[in-house]
Amino acid sequence: MFVEHIIKILNNSLLDLKKEGLKIEFEIDNSLLEKPQKSIHGDYACTIAMKFAHKLKLKPIDFANSIVEKIKDDHIIDKVWVQKPGFINFSIKNTALVEQVNKIIEHDESFGDFIRPSKEKIQIEFVSVNPTGPLHVGHARGAVIGSTLANVLESAGYIVEREYYINDAGKQIKLFNDSLFARLLEILGKENEFPEDGYVGSYVVDIVKEFLEKNNHVVENFDHENIYDRLSEFGMNYVLDSIKEDMKELKVNYDVWFSENDLYKNGDFNEAIDLLKNNGSLIDLDGAVWFKSENDDNHKVVIRSNGDPTYFASDIAYHYNKFIKRKFNKVIDIWGADHQGQIPFMKSMIEKIGIDKDNLNLLIYQLVTLKRDGEIVRISKRTGDLITFKELIEDVGSDVCRFFFLSRASESQMEFDIDLAKKESEDNPVYYIQYAYARICGILRLADEKGIDYSNPDLNLISENSELDMIRKMITLPEVILKISETLGPHQLTYFATEFANSFHLFYQNCRVISEEDLEMSKSRLRLVQAAKVVLAKYLTLMGLNKPERM
RNA sequence: GCCCCUGUAGCUCAGUGGAUAGAGCAUCUGACUUCUAAUCAGAGGGCCACAGGUUCGAAUCCUGUCAGGGGUGCCA
């Protein structure tokens with residue numbers, strides 16, 4: 001890649017200056033090389049002169065000039081020049097750019113992928129909603145961020161495992177089961193008491209009705225305990241199936257569905273608690289067991305005075321399992337902002353089980369507020385007032401939905417206006433990108449019909465600005481993947497993909513690809529279009545979007 | 001009270017120390033006898049919430065203020 005090449009050239013230059021007596025104790029790396037916003041500033045720019053000139057008691061511009069003087073002619077660099085405060089600007093030779101077209105096509109689907117010898121294992125856990133009801137639109141955000149980030153990390157060379165944590169233990173699920181049972185008794189005309197704060201959504205009744213349909217005989221041999229357990233199991237599976245179905249619709253795949261209950265069955269819970277007990281991280285207070293805070297009295301309950309473990313207790317066992325048992329090098333948990341208060345406890349707990357806290361990344365996304373008929377809708381699963389995931393996907397489609405959630409940074413709060421989303425789904429920017437893809441397919445289809453062989457054309461015929469600019473955009477894909485894998489900000493994909501689509505549409509406007517008059521040029525441009533298809537396909541795949549061949 | 005996130009064009013949002021702050025939508029002007037006009041070109045539109053500070057250089061980092069959202073120990 002050009003970046004590495006330029007860094008090498010610059011470091012060689014520094015080495016020469018060092019030999020001449022300059023006291024240089026630094027090297028140039030990625031962070032000192034940037035892409036200028038304006039093309040008049042070249043393809044790459046180095047800022048080292050401005051950052052380090054003062055250490056050598058030189059003016060930035062003089063230091064920059066002395067670096068540039070040492071740079072020799074090169075097969076990739078077209079021009080090097082120094083500008084204003086001390087930027088060192090580089091432009092790439094057209095011949096070098098054009099060569100990239102073949103490389104992209106050779107890599108095909110793997111273009112942009114990195115190979116990491118370290119084989120780091122990353123687990124990414126997202127959504128993980130209580131299986132007590134259908135997913136709503138807010139959950140779609142976490143699903144889209146998580147699944148896309150997983151795709152990018154995989155491309156960046158990590159071994160990635162996508163996981164859904166099923167909270168099938170604890171208070172909420174008990175409450176849900178109680179709600180189910182109360183509804184069952186109600187339907188059967190038996191005496192019942194609906195639990196306080198129970199789940200009143202109509203889907204609860206639907207589940208019970210379906211349970212009754214499939215288990216006609218329960219009425220005859222009514223055995224309280226037995227029926228309660230069977231109904232609970234039925235309810236859980238019912239909800240889980242609907243979650244799985246929703247995820248499939250939104251193109252979200254999981255490798256593992258992990259049950260919270262297993263942590264208690266397989267001994268992880270006891271092991272983790274023992275570990276913390278033994279190293280003095282837990283204290284007894286008021287009959288409960290607490291995770292000790294080191295700085296203040298802000299301790300956190302792990303085991304309630306009635307003996308029940310809290311959700312945090314499960315989280316301790318769960319992360320013990322992730323790091324110690326399953327040996328993930330890094331773990332990314334994607335949480336809604338309503339859980340953000342847990343971060344300090346999680347970080348501190350990770351250290352206590354003997355893991356570097358930087359290996360746990362808690363990615364928080366701000367909550368989605370819903371708007372319908374111009375009014376903010378409060379979403380609550382318990383009261384049943386919700387707009388479901390399913391409803392949303394049926395209305396606007398998975399592509400629009402994914403793109404919408406993906407195009408905002410996770411730390412920005414968003415207002416989801418249902419009416420607006422439905423109305424504007426037709427001129428959603430996602431179609432801009434897909435349309436470019438469809439156009440590419442159209443061109444290649446025509447070339448095939450005409451029987452044109454463009455497998456080995458003269459790429460040096462490519463010389464128009466819109467052609468070369470498109471290549472420049474193509475080769476940024478690996479940089480984009482690397483950047484996102486570092487910043488964990490998958491929203492960047494939408495912007496770079498749009499920018500690339502724009503460069504294609506511009507090219508399309510300016511350059512006729514298939515023309516009877518100039519067959520050689522046609523072949524070169526077809527090859528270019530083929531490379532564009534590879535890049536666009538990669539963007540669409542990473543984002544989990546469809547690749548329509550016609551629109 | 002304390003902690004976290006946010007405040008950038010009329011609207012929705014990018015821009016995690018670089019050059020004249022960008023995109024989509026909306027508004028206005030121009031381009032279809034075409035490999036798909038779901039496109040392209042151009043115009044207008046900004047005290048980057050406010051006030052200080054850090055440095056060659058700040059929308060970006062630090063401090064304070066204001067505004068919106070979230071959290072705040074036996075819920076998850």
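Reminder, nothing fancy here: chain letters follow the sequence lines and each chain counts from 1. The figures here come from the full heavy-atom set of this structure, side chains too, leaving out hydrogens, waters and symmetry mates.
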Out of [options], which has the shortest distance to the side chain of [X]?
{"X": "A:H339", "options": "B:U20, B:A76, B:C35", "result": "B:A76"}
{"X": "A:T487", "options": "B:U39, B:U16, B:G18", "result": "B:U16"}
{"X": "A:A288", "options": "B:C74, B:C40, B:U16", "result": "B:C74"}
{"X": "A:K171", "options": "B:U39, B:A41, B:A76", "result": "B:A76"}
{"X": "A:P429", "options": "B:U36, B:G24, B:C74", "result": "B:G24"}
{"X": "A:Q509", "options": "B:U20, B:G18, B:A31", "result": "B:A31"}
{"X": "A:R304", "options": "B:C74, B:A38, B:U6", "result": "B:C74"}
{"X": "A:K51", "options": "B:A41, B:G15, B:C56", "result": "B:C56"}
{"X": "A:E411", "options": "B:A76, B:C35, B:C5", "result": "B:C5"}
{"X": "A:H505", "options": "B:U39, B:A38, B:C13", "result": "B:U39"}

[atom1] atom, [N] versus [M]: distance in rounded Å?
{"N": "B:C62", "M": "B:C5", "atom1": "P", "value": "10 Å"}
{"N": "B:G57", "M": "B:A41", "atom1": "P", "value": "37 Å"}
{"N": "B:U8", "M": "B:C50", "atom1": "C1'", "value": "14 Å"}

Within the stacking criterion (centroid distance below 5.5 Å, interplanar angle below 30°), does [X] stack on [N]?
{"X": "A:H491", "N": "B:A14", "value": "no"}
{"X": "A:H41", "N": "B:A19", "value": "yes"}
{"X": "A:F87", "N": "B:G18", "value": "no"}

Any N or O donor-acceptor pair under 3.5 Å from the base of [N] to the side chain of [X]?
{"X": "A:Q340", "N": "B:G70", "value": "yes"}
{"X": "A:S412", "N": "B:C13", "value": "no"}
{"X": "A:Q413", "N": "B:G68", "value": "yes"}
{"X": "A:N89", "N": "B:A19", "value": "yes"}

Looking only at the side chains, is there a donor atom on one of [X] and [Y] sitting less than 3.5 Å from an acceptor on the other?
{"X": "A:Y199", "Y": "A:D178", "value": "no"}
{"X": "A:D168", "Y": "A:S259", "value": "yes"}
{"X": "A:T148", "Y": "A:R402", "value": "yes"}

Whole-Å distance separating the [atom1] atom of [X] from the [atom2] atom of [N]:
{"X": "A:N510", "N": "B:C35", "atom1": "CG", "atom2": "P", "answer": "17 Å"}
{"X": "A:R527", "N": "B:C35", "atom1": "CZ", "atom2": "C1'", "answer": "19 Å"}
{"X": "A:K300", "N": "B:A76", "atom1": "NZ", "atom2": "P", "answer": "9 Å"}
{"X": "A:K55", "N": "B:C56", "atom1": "NZ", "atom2": "C1'", "answer": "15 Å"}

Whether [X] contacts [N] is assessed here as follows: a side-chain N or O lying under 4.0 Å from the phosphate OP1 or OP2. Is that the case?
{"X": "A:N502", "N": "B:C40", "result": "yes"}
{"X": "A:K38", "N": "B:G22", "result": "yes"}
{"X": "A:K347", "N": "B:C3", "result": "no"}
{"X": "A:Y508", "N": "B:U34", "result": "no"}
{"X": "A:Y435", "N": "B:A38", "result": "yes"}
{"X": "A:Q366", "N": "B:G68", "result": "no"}
{"X": "A:R408", "N": "B:A23", "result": "no"}
{"X": "A:R439", "N": "B:A37", "result": "yes"}

> Across the strands shown, which category fits A:A438 at heavy-atom distances under 4.0 angstrom: base, sugar-phosphate, nothing?
Replying inline: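 It contacts base atoms.
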>> Heavy atoms only, 4.0 Å cut-off, all strands: where does A:C46 land among base, sugar-phosphate and nothing?
In response: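 The residue A:C46 makes no contact with any strand.
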> Charged N to carboxylate O below 4.0 Å: is that the case for A:E499 and A:R472?
Replying inline: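 A salt bridge is absent here (no side-chain N lies under 4.0 Å from a carboxylate O).
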> Taking the six-membered ring of A:Y320 as reference, does the NZ or CZ atom of A:K322 fall below 6.0 Å from its centre and within a 45° cone about the axis?
Replying inline: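 Not satisfied by the 6.0 Å and 45° rule.
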With both distances kept under 3.5 Å, what pairs with [N], Watson-Crick or G-U wobble?
{"N": "B:G17", "value": "none"}
{"N": "B:U36", "value": "none"}
{"N": "B:C2", "value": "B:G71"}
{"N": "B:G42", "value": "B:C28"}
{"N": "B:G7", "value": "B:C66"}

>> Using only atom types and a distance under 3.5 Å, with no angle test, would you say the side chain of A:S503 pairs donor to acceptor with the backbone of A:K473?
In response: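 The answer is no, because no donor-acceptor pair under 3.5 Å joins these two groups.
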>> Using only atom types and a distance under 3.5 Å, with no angle test, would you say the side chain of A:E467 pairs donor to acceptor with the backbone of A:E464?
In response: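 Side chain of A:E467 to backbone of A:E464, a donor-acceptor pair under 3.5 Å: yes, one is there.
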>> In this structure, is the centre-to-centre distance between the rings of A:H491 and A:F405 below 6.0 Å?
In response: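 Between A:H491 and A:F405, which both carry aromatic rings, the centre distance is not below 6.0 Å.
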